[in-house]
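Below is one structure, written out as structure tokens; the observations come after it.
Order of the sequence lines fixes the chain letters, A, B, ..., with proteins taken first and strands second; residue numbering starts at 1 for each chain.
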Protein chains: 2
Amino acid sequence: MVTLYDVARQAGVSIATVSRVLHGQEPVRETTRARVRAAIEELGYVPDGAAQSLARNRKDVIGLVCVEHTGLKPNQYDIESMSLLFYDEVMRGVEARIRELSWSLLITFLREDENSGTTLAADGPVQSRLHILSGKVDGLLIGEGVVPSSVITQLAKRVPLVVLAGDMAQRGVDVVAADNWSGAHALVEHLVTGHGRRRLFHVDGPSTAPDAASRRLAMRAVIDAHPGTVLTGSFCGRFTVHSGQEAAERLLAETRAAGRPLPDAIVCANDQMAIGMVRTLTGRGIRIPEEVAVVGFDDIFPASLTEPPLTTVHQPMRKIGERGCDRLIERITNPSLRPRVELLPAELVLRSSCGCPPGTVTRRQVTRAMTNDKITER
Amino acid sequence: MVTLYDVARQAGVSIATVSRVLHGQEPVRETTRARVRAAIEELGYVPDGAAQSLARNRKDVIGLVCVEHTGLKPNQYDIESMSLLFYDEVMRGVEARIRELSWSLLITFLREDENSGTTLAADGPVQSRLHILSGKVDGLLIGEGVVPSSVITQLAKRVPLVVLAGDMAQRGVDVVAADNWSGAHALVEHLVTGHGRRRLFHVDGPSTAPDAASRRLAMRAVIDAHPGTVLTGSFCGRFTVHSGQEAAERLLAETRAAGRPLPDAIVCANDQMAIGMVRTLTGRGIRIPEEVAVVGFDDIFPASLTEPPLTTVHQPMRKIGERGCDRLIERITNPSLRPRVELLPAELVLRSSCGCPPGTVTRRQVTRAMTNDKITER
DNA sequence: GTCCTAAATGTAAGCGTTTACAAGCTCTGA
DNA sequence: TCAGAGCTTGTAAACGCTTACATTTAGGAC
């Protein structure tokens with residue numbers, strides 16, 4: 001390994017001078033500078049990042065902890081695995097910011113199942129990996145969903161940290177997330193006031209999923225605000241295409257058995273389930289949106305390819321990465337900042353599964369005016 | 001910041017003892033161990049990664065340099081941006097290996113256009129970023145395509161390095177890539193011997209793209225091996241859907257003008273162009289594969305969604321990440337290893353755009369027997 | 001109690017940088 | 001010619017950890 005000393009010897013100067021040349025600091029004679037440059041070039045010197053970090057007391061590295069969805073066939077892209085793209089977008093947002101600073105980005109994937117069973121263990125594999133990681137970075141960006149919030153709160157005491165996405169208000173920790181509530185609210189509002197749908201069916205996510213919760217609340221809010229609007233029923237799915245299909249089967253069976261008509265609209269907690277719903281319904285000859293509207297959430301890529309194309313809500317993942325990174329850097333710079341929750345506007349994407357005319361593609365940012373406290377109280 | 005000294009003071013022991021407890025080393029009395037553990041917990045001590053790296057003389061970090069495709073609309077998934085997925089798969093492969101070792105992964109994206117103009121500058125922005133990066137890692141995984149090979153060769157002298165994907169034989173540098181040639185060869189061979197197609201048209205990639213080159217050579221090889229088989233023409237596209245549509249327009253115009261029949265099969269250098277081709281052709285009422293077969297390359301997600309579904313070649317990106325990582329670790333461990341080129345089998349994916357019956361989905365790994373030298377000589 | 005051995009713990013020298021401070025130059029102006 | 005100012009350059013002390021080696025301690029055997 002070539003060190004500063006080697007370069008200094010080769011150039012006939014002291015290590016301080018080499019360091020100065022390396023960082024373009026001023027008081028170095030032009031001839032000396034040239035000599036040092038030549039030595040660096042000749043020896044192929046690369047400054048050791050660890051030593052620099054130690055001396056400068058900062059690493060110029062931030063860590064991003066992503067959620068890795070499990071149960072996917074490797075090497076094969078399908079509709080389920082499209083959700084993978086979320087964190088890839090976040091990552092690109094973060095990287096774009098990081099790059100401007102000449103910092104670096106450390107990535108870790110945490111598998112959804114990795115923490116099951118060890119949630120409460122103070123020293124599970126997840127904790128251990130996060131611990132090692134936090135020693136290598138100046139700050140951490142953590143995707144919500146895998147790490148229990150108690151662990152996050154604990155971790156935040158030791159290292160600057162920002163929680164990304166998700167929907168839970170982490171008390172005392174910075175959060176940057178999409179405004180899921182407003183997205184879902186605008187979506188359902190559109191069905192009700194835009195297309196006169198009154199009898200709604202809900203395909204919900206798992207009760208444990210925090211994002212599903214706020215979507216559910218938003219739907220409730222719209223229904224309550226419009227007399228005459230009712231929730232005719234709901235199904236609790238697992239966010240998969242298959243769940244959506246199950247939901248459809250169940251819905252059809254139940255309405256027929258009871259001799260009731262179909263609902264006017266079906267609101268699904270994510271696009272995968274909406275796609276499953278659309279497939280099964282159209283397979284049974286039911287016309288969408290004429291007989292029933294179907295909407296999803298997330299705007300994954302295949303949502304634009306269904307027949308009819310799916311009306312949904314796009315999540316600003318890249319922006320979440322960017323803003324999360326900005327926030328983290330603020331916090332690193334000024335650790336005494338009061339933690340805040342920042343919600344980014346979601347984007348309502350109107351295609352035609354909601355009843356809008358075929359060929360429609362309208363995008364509209366939606367969010368609500370609010371203060372921190374309103375949000376954290378939610 | 002809490003250091004070893006703080007913990008040592010709190011526990012009433014020396015820093016050496018704390019360090020031993022930290023790493024579970026043997027000769028420490030149980031009572032002492034407990035005392036130290038308590039102090040660590042109480043103070044919320046996190047070992048400083050930089051200091052550890054410096055003292056241990058290894059960083060337990062490897063860097064991955066990805067190619068970032070440009071000109072994409074942010075926050076919007078479309079067929080073009082599906083190519084983004086390549087590096088995301090590679091990344092997951094690398095991370096899976098890294099994780100087993102408790103190492104970390106540093107990510108950098110290099111934009112395709114970032115290097116244009118400065119290719120030969122010894123100190124362009126790309127070089128500078130790679131330089132900083134290489135000081136922070138034990139080794140580097142570089143996706144081929146952005147960094148000029150002269151820069152790579154240079155870099156490889158200073159830091160353990162493995163080149164991923166691409167197709168170029170980097171002399172004197174480790175390479176792990178997909179066997180594009182065999183994939184393309186099997187694909188064209190299938191058209192010719194499996195479906196009796198004789199008159200082939202080629203939608204090529206940019207002449208500068210190294211992967212396009214080997215696909216072109218493979219096609220040539222099949223044609224030469226089968227008397228009676230001819231290349232009726234070719235079009236040089238830019239790997240986009242739009243290029244594929246242009247190619248289709250041009251092909252139709254020329255064959256009609258010359259009063260010639262359509263070719264039997266159209267071989268596209270990637271899926272995006274094949275999709276553009278399929279769209280335009282079916283739009284003009286031409287039946288695929290009855291009138292003409294169309295095949296692509298890469299097996300991006302939308303390839304399975306066209307009508308008819310596209311026959312193509314899947315690239316084992318995740319495997320490339322895994323094997324590249326293994327190779328890099330070998331090289332870090334033993335820097336005197338002779339550099340090798342390793343080609344991973346590609347996977348022929350038969351759907352129905354080639355003439356196979358509707359509903360077909362057959363996957364077959366393809367590669368050729370070979371030695372290093374044969375490959376590097378190619 | 002003494003002595004020996006082995007186990008437990010402590011001391012201090014790095015690791016490769018940065019940077020405050022000291023020291024050495026080269027001028028300029030008297 | 002020399003003092004002093006202003007550039008350059010060098011010296012050495014951190015930074016927080018690991019680890020070889022030195023030292024202390026505990027536990028037996030006599």
Side-chain angles (χ1 to χ4, degrees), chain A residues 1-37 39-40 43-61 102 104 131-138 158-159, chain B residues 1-37 39-40 43-61 102 104 131-138 158-159:
Chain A
M1 176 178 207
V2 181
T3 72
L4 260 193
Y5 286 92
D6 300 318
V7 176
R9 188 168 340 105
Q10 172 94 5
V13 298
S14 76
I15 58 166
T17 300
V18 178
S19 178
R20 282 189 276 257
V21 170
L22 231 36
H23 301 96
Q25 278 158 5
E26 248 324 294
V28 178
R29 195 171 306 166
E30 200 46 56
T31 57
T32 314
R33 188 183 299 277
R35 213 144 27 96
V36 172
R37 286 251 170 79
I40 289 174
L43 297 176
Y45 168 70
V46 178
D48 183 86
Q52 291 185 313
S53 302
L54 188 56
R56 299 207 264 236
N57 194 30
R58 59 200 176 88
K59 310 188 170 54
D60 293 359
V61 176
S102 294
S104 304
H131 202 250
I132 292 177
L133 191 64
S134 53
K136 291 178 174 176
V137 301
D138 293 320
R158 328 197 157 177
V159 58
Chain B
M1 176 180 210
V2 182
T3 73
L4 259 195
Y5 287 91
D6 301 319
V7 176
R9 190 170 335 109
Q10 171 95 4
V13 298
S14 75
I15 58 166
T17 301
V18 178
S19 178
R20 281 189 278 258
V21 170
L22 230 36
H23 300 96
Q25 278 159 4
E26 249 323 294
V28 177
R29 195 173 306 167
E30 202 45 59
T31 58
T32 314
R33 187 183 300 276
R35 213 146 26 96
V36 171
R37 284 251 172 79
I40 289 175
L43 298 175
Y45 169 68
V46 179
D48 183 87
Q52 290 186 314
S53 303
L54 189 55
R56 300 207 263 237
N57 194 31
R58 61 201 175 86
K59 309 187 172 54
D60 293 359
V61 174
S102 295
S104 304
H131 203 251
I132 292 177
L133 190 64
S134 52
K136 293 177 173 174
V137 301
D138 292 321
R158 328 196 159 178
V159 58

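Expressed to the nearest 0.5 Å, how far OG of Ser102(B) lies from CG of Leu133(A) amounts to 11.0 Å. In this structure, the separation between CZ on Arg37(A) and OH on Tyr45(A) is 14.0 Å, given to the nearest 0.5 Å. One finds the OG atom of Ser104(B) at 10.0 Å from the CG atom of Asp138(B) (value rounded to the nearest 0.5 Å). Here NE2 of His23(B) is found 5.0 Å from CD of Gln52(B). Values are rounded to the nearest 0.5 Å. Once rounded to the nearest 0.5 Å, the distance linking OG1 of Thr3(B) with CZ of Arg9(B) reads 7.0 Å. Once rounded to the nearest 0.5 Å, the distance linking CD of Gln10(B) with CG of Asp6(B) reads 9.0 Å.
In terms of modelled atom types and a separation under 3.5 Å, the side chain of Ser19(A) and the main chain of Ile15(A) share no donor-acceptor contact. Checked by atom type and distance alone, the side chain of Lys136(A) pairs as donor or acceptor with a backbone atom of Asp60(B) at under 3.5 Å.
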message: Treating primed atoms plus P, OP1 and OP2 as sugar-phosphate and everything else as base, which nucleotides of nucleotides 11-17 of chain C get B, S or - for protein heavy atoms under 4.0 Å?
response: BB-BBBB
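Arg33(B) places its CZ atom 15 Å from the P atom of dA7(C), with the value rounded to the nearest Å. Atom C1' of nucleotide dT19(C) and atom CZ of Arg58(A) are separated by 13 Å, given to the nearest angstrom.
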Working for side chain to side chain contact (heavy atoms under 4.5 Å, CB included), residues Lys59(B) and Val137(B): CA-CA 6 Å; Lys59(B) 309 187 172 54; Val137(B) 301; 5.7 Å; no
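The rotation axes computed at either terminus of the helix from dG1(C)-dC30(D) to dA30(C)-dT1(D) lie 50° apart, taking five pairs at each end and rounding to 10 degrees.
Checked options Leu43(B), Ile40(B), Asp48(B); the residue passing with Val2(B) is Leu43(B) (criterion: side chain to side chain contact (heavy atoms under 4.5 Å, CB included)).
Using a 4.0 Å heavy-atom cutoff across all strands shown, Thr32(B) reaches sugar-phosphate atoms only and no base atom.
In the 5' to 3' direction, nucleotides of DNA chain D lying under 4.0 Å from heavy atoms of chain A begin and end at dT8(D) to dG16(D).
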